[in-house]
A.B. asks: 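Just dropping this structure here.
Computed from a prediction, not measured in an experiment: that's the story for all the values here. Naming convention: chains lettered A, B, ... in sequence-line order (proteins, then strands); numbering from 1 in each chain. Heavy-atom basis, side chains included; hydrogens, waters and symmetry copies ignored.
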2 protein chains.
Amino acid sequence: MIESEGVFDMITIKDIAKLAGVSPSTVSRVISGHPRISTETSLKVKQIMKELNYHPNMMAKSLVSKTTQTLGIMLPRPAEELFQNYFFGELLRGIITHATRNNYELLLSTETSSDDELQAISRLVHGRRVDGILLLGSKRDDPIITFLEEEKFPFVLIGRSETHPNAPMVDNDNVQTAYDATQHLIAQGHTRIGFVSGPPDVTLSHDRMRGYRKALDESGLTANNDWIVEGEFLQESGFRAMSLFMSLPDRPTAIVVIDDNVAFGVLRALAELGYQVPEDISVVSFNNIALSELASPPLSSIDIGTYQLGYTAVQVLLKILGNEPLTQNPVIIPHRLIVRESSLYMKAKPLQS
Amino acid sequence: MIESEGVFDMITIKDIAKLAGVSPSTVSRVISGHPRISTETSLKVKQIMKELNYHPNMMAKSLVSKTTQTLGIMLPRPAEELFQNYFFGELLRGIITHATRNNYELLLSTETSSDDELQAISRLVHGRRVDGILLLGSKRDDPIITFLEEEKFPFVLIGRSETHPNAPMVDNDNVQTAYDATQHLIAQGHTRIGFVSGPPDVTLSHDRMRGYRKALDESGLTANNDWIVEGEFLQESGFRAMSLFMSLPDRPTAIVVIDDNVAFGVLRALAELGYQVPEDISVVSFNNIALSELASPPLSSIDIGTYQLGYTAVQVLLKILGNEPLTQNPVIIPHRLIVRESSLYMKAKPLQS
DNA sequence: CTGAAAGCGCTTACAG
DNA sequence: CTGAAAGCGCTTACAG
């Protein structure tokens, strides 16, 4: 004779208690696996919970336990770039996998207004919506990190912060990634190597710029400023960079590109301008997304272990939440160069044995 | 002299009440914008809240209000495909934008074990973690939809369900999208047109197959079963399909491909096999992701309004939560064919005026 | 216009 | 091994 069903019912711990002939406290203890509960009552209570399809109300649980079993993912503000990149999906996959495996939910949040960057995160933190926060990338001087450190709120940065060297971080060694990419081109015999970088206020761009310069320096090569351009993580950036580079009287014969996505723009521009890759210009980029292999020509790319980056970040955050000490910080995810056609122009390397 | 700071403090409504010299009830009313509160007390309370940087505890609020201001995003199970697709990012961007704009948070969840598909969603629903759920795609007979309907829990399906025609849905007219794509190829003079489809248990694949056949039928053409292949939403599928098609004695001269991502695999295979697009074979696909334009050759693609799909789905879900009537169901997002080089082989169309 | 009280569904000392 | 009671931080009739 029950009329109203569905969403408006809620089976509570009291209902279970009544049916099992025990107190609510006991039911609660059964749920949480309290040690001093008789096997008999435990079994009875569990059976009734199953029969009624009981699930504890997470809000009530959170209120008293002051824990939400939820991790917040904070997206950087101009999220468009992120979303247009395969990189993001793969990172998210790593995050979801490890969070789900540990029974944590994921709350997706993003900075709303530019005038109040802290509004969204402050709502999460003060509203106790999440137990910890995952920061996807950071600006070079990021107020969010300052805020989180002041609040002593658990978080992990995927990326690196210069201004907050003690923040828990999971990152690649991005000086080294760019060094390796550049070194590979040098080994191919190139001496005129350009760099298509990302936004200058992003630490990642900065680090890779350093690696690029370091490799050139060590080989006694000079970085010509005409061969360096900064942009966004968008294909358009790569496209524009090539229009620029290829009109130079003294063109680079090889370029390092900050991101595969940008490199696609590069390839497209070069095709339209009638240049051959790698014959006219060699290309190496970063991230090694699934499409790199399918580009024409297939793109040499530094695999940064994107999935592992996300997976590990969750791992570190859960460690922090469990008050385990962090044995190392930052955690560095290994990278490796995947050489494909776009940088394999052997004729450019006549002196190599 | 306060020692313990940060995460372990919590300013409550009581603290504000005490400092403002009012009762907690009044503070609560000020927060919720209750009409019968004097401007004076309202102002005083608000000021103190600001001074102490007070944010209401969302868990407590949820517990009593039985509302979470959170929408759940349910990812389909083999999430790998989704994540490897730009489509997903763009959809997510539409969802986040409109949810954030309406002060809703987003909870990201995914089916965990294959033996218990309902576990994750049942936790969300019974645990009262979210107010409504967004389903990204569905199988042809999806137990999740059955569950949600039985529970009378608010949800919107991005996609279409055949078995549950009354479920709130936001979708393209996917018979028409495929019809248009096929029709375009017919208009180019093609009579031998193949179809590289997705997983057969996905409604989307099914609908597009119908549109493809319909267009052929109407033009008096026959769908040769050798020219139809089903696969995943992965590049590999496109690659394999071409190995198959191009070894046929009687090859198609044009193909419709279920997804841009798959089409990239198609293009790659054709390049490797030494065929020219569109000269040897024309290609049209779906989604019109940012990279379509940059493929070689640039890919003709049906723009399905991905961002709008996500945006609208949130809009519909919020309507349901607000008990507003749905004036139409399903909501159909318009599509349009973007013609690019991959399907523009005019020489194949000698008889067209 | 405002306050006291009850209650949302859970957990956890305290006592036995 | 188990129960009664207090409490988490909020909201909302009820009364004035």
A.B. asks: Examine distances only and state if a side-chain atom of Thr312(A) and a backbone atom of Gln315(A) form a donor-acceptor pair shorter than 3.5 Å.
C.D. replies: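 Not at all, since once roles are kept as given, no pair shorter than 3.5 Å links the two residues.
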A.B. asks: Which value, in whole Å, describes the distance between the C1' atoms of nucleotides dG16(D) and dT12(D)?
C.D. replies: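 Approximately 16 Å lies between the C1' atom of dG16(D) and that of dT12(D).
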A.B. asks: Verify the distance criterion only: is there a donor paired with an acceptor across the side chains of Ser42(A) and Thr39(A) at less than 3.5 Å?
C.D. replies: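 No pair is found: no donor N or O on one side chain lies under 3.5 Å from an acceptor on the other.
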A.B. asks: Checking side-chain polar atoms at under 3.5 Å, does Arg129(B) have a donor or acceptor matched by the opposite partner on Thr70(A)?
C.D. replies: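 Distance-only check passes for Arg129(B) and Thr70(A).
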A.B. asks: Under 3.5 Å, side chain of Asp131(A) to main-chain N/O of Thr68(A), donor-acceptor pair present?
C.D. replies: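 Such a contact is found between Asp131(A) side chain and Thr68(A) backbone.
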A.B. asks: Whole angstrom is fine here: how far is it from CZ in Arg129(A) over to P in dC10(D)?
C.D. replies: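 One finds 14 Å between P of dC10(D) and CZ of Arg129(A), rounded.
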A.B. asks: Both Met59(A) and Ser23(B) contact DNA chain C. Taking the nearest nucleotide for each, which residue is further toward the 5' end?
C.D. replies: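 In this pair, the answer is Ser23(B).
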A.B. asks: What's the NZ-C1' distance between Lys18(B) and dA4(C), to the nearest Å?
C.D. replies: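 About 16 Å, once rounded to whole Å.
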A.B. asks: Any chance you could list the contact pattern along nucleotides 11-16 of chain C? Use B for base contacts, S for sugar-phosphate-only contacts and - for none, protein heavy atoms under 4.0 Å, 5' to 3'.
C.D. replies: BBBB--
A.B. asks: Lys14(B) NZ to dC8(D) C1': how many Å, rounded?
C.D. replies: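 Rounded to the whole Å, the gap is 9 Å.
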A.B. asks: Look only at the side chain of Asp142(B) and the backbone of Ile144(B), and say whether a donor-acceptor pair between them is shorter than 3.5 Å.
C.D. replies: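 Here the side-chain-to-backbone pair exists.
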A.B. asks: Please report, rounded to the nearest Å, how far the C1' atom of dC10(D) is from the NE2 atom of His55(B).
C.D. replies: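 About 16 Å, once rounded to whole Å.
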A.B. asks: Taking OP1 and OP2 of dC10(D), is either one under 4.0 Å from a side-chain nitrogen or oxygen of Tyr54(B)?
C.D. replies: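 Indeed, a polar side-chain atom of Tyr54(B) lies that close.
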A.B. asks: For DNA chain D, which residues in residues 38-53 of chain A have a heavy atom at a distance below 4.0 Å?
C.D. replies: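 Only Ser38(A), Thr41(A) qualify.
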A.B. asks: Looking only at heavy atoms, which two atoms of Leu134(B) and Ile95(B) are closest? And how far apart?
C.D. replies: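 Heavy-atom minimum between the residues: CD2-CG2, 3.7 Å.
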A.B. asks: May I ask you to test the Gln47(A)-Leu43(A) pair for a side-chain heavy-atom distance under 4.5 Å?
C.D. replies: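 Side chain of Gln47(A) against side chain of Leu43(A), heavy atoms only: no contact under 4.5 Å found.
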A.B. asks: Can you run through DNA chain C from 5' to 3' and write each base as (, ), [, ], | or . depending on how it pairs? Watson-Crick or G-U wobble, both distances under 3.5 Å.
C.D. replies: |||.||||||||.|||
A.B. asks: Base, sugar-phosphate, or nothing: which does Ile37(B) touch, judged by heavy atoms less than 4.0 Å apart?
C.D. replies: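 Sugar-phosphate, no base atom in range.
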A.B. asks: Under the criterion side-chain contact (heavy atoms from CB on, under 4.5 Å), I'd like the reasoning laid out for Phe147(B) against Val125(B): C-alpha separation, chi angles, the key distance, then a yes or no.
C.D. replies: CA-CA 10 Å; Phe147(B) 170 80; Val125(B) 169; 3.9 Å; yes
A.B. asks: Do the side-chain N or O atoms of Thr12(A) get closer than 4.0 angstrom to the phosphate oxygens (OP1, OP2) of dG9(C)?
C.D. replies: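 Checking dG9(C) against Thr12(A), no side-chain N or O comes under 4.0 Å of OP1 or OP2.
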A.B. asks: I need the single residue from Leu108(B), Val130(B), Leu124(B) that forms a side-chain contact (heavy atoms from CB on, under 4.5 Å) with Glu105(A). Which is it?
C.D. replies: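 Testing Glu105(A) for a side-chain contact (heavy atoms from CB on, under 4.5 Å) against Leu108(B), Val130(B), Leu124(B) leaves exactly one candidate, Leu124(B).
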A.B. asks: Between Thr97(A) (side chain) and Arg93(A) (backbone), is there a donor-acceptor pair under 3.5 Å?
C.D. replies: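 Pair found, side chain donor or acceptor close to backbone of Arg93(A).
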A.B. asks: Main chain of Ile73(B), side chain of Ser109(B): is a donor-acceptor contact present, judged purely on distance under 3.5 Å?
C.D. replies: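 Such a contact is absent between Ser109(B) side chain and Ile73(B) backbone.
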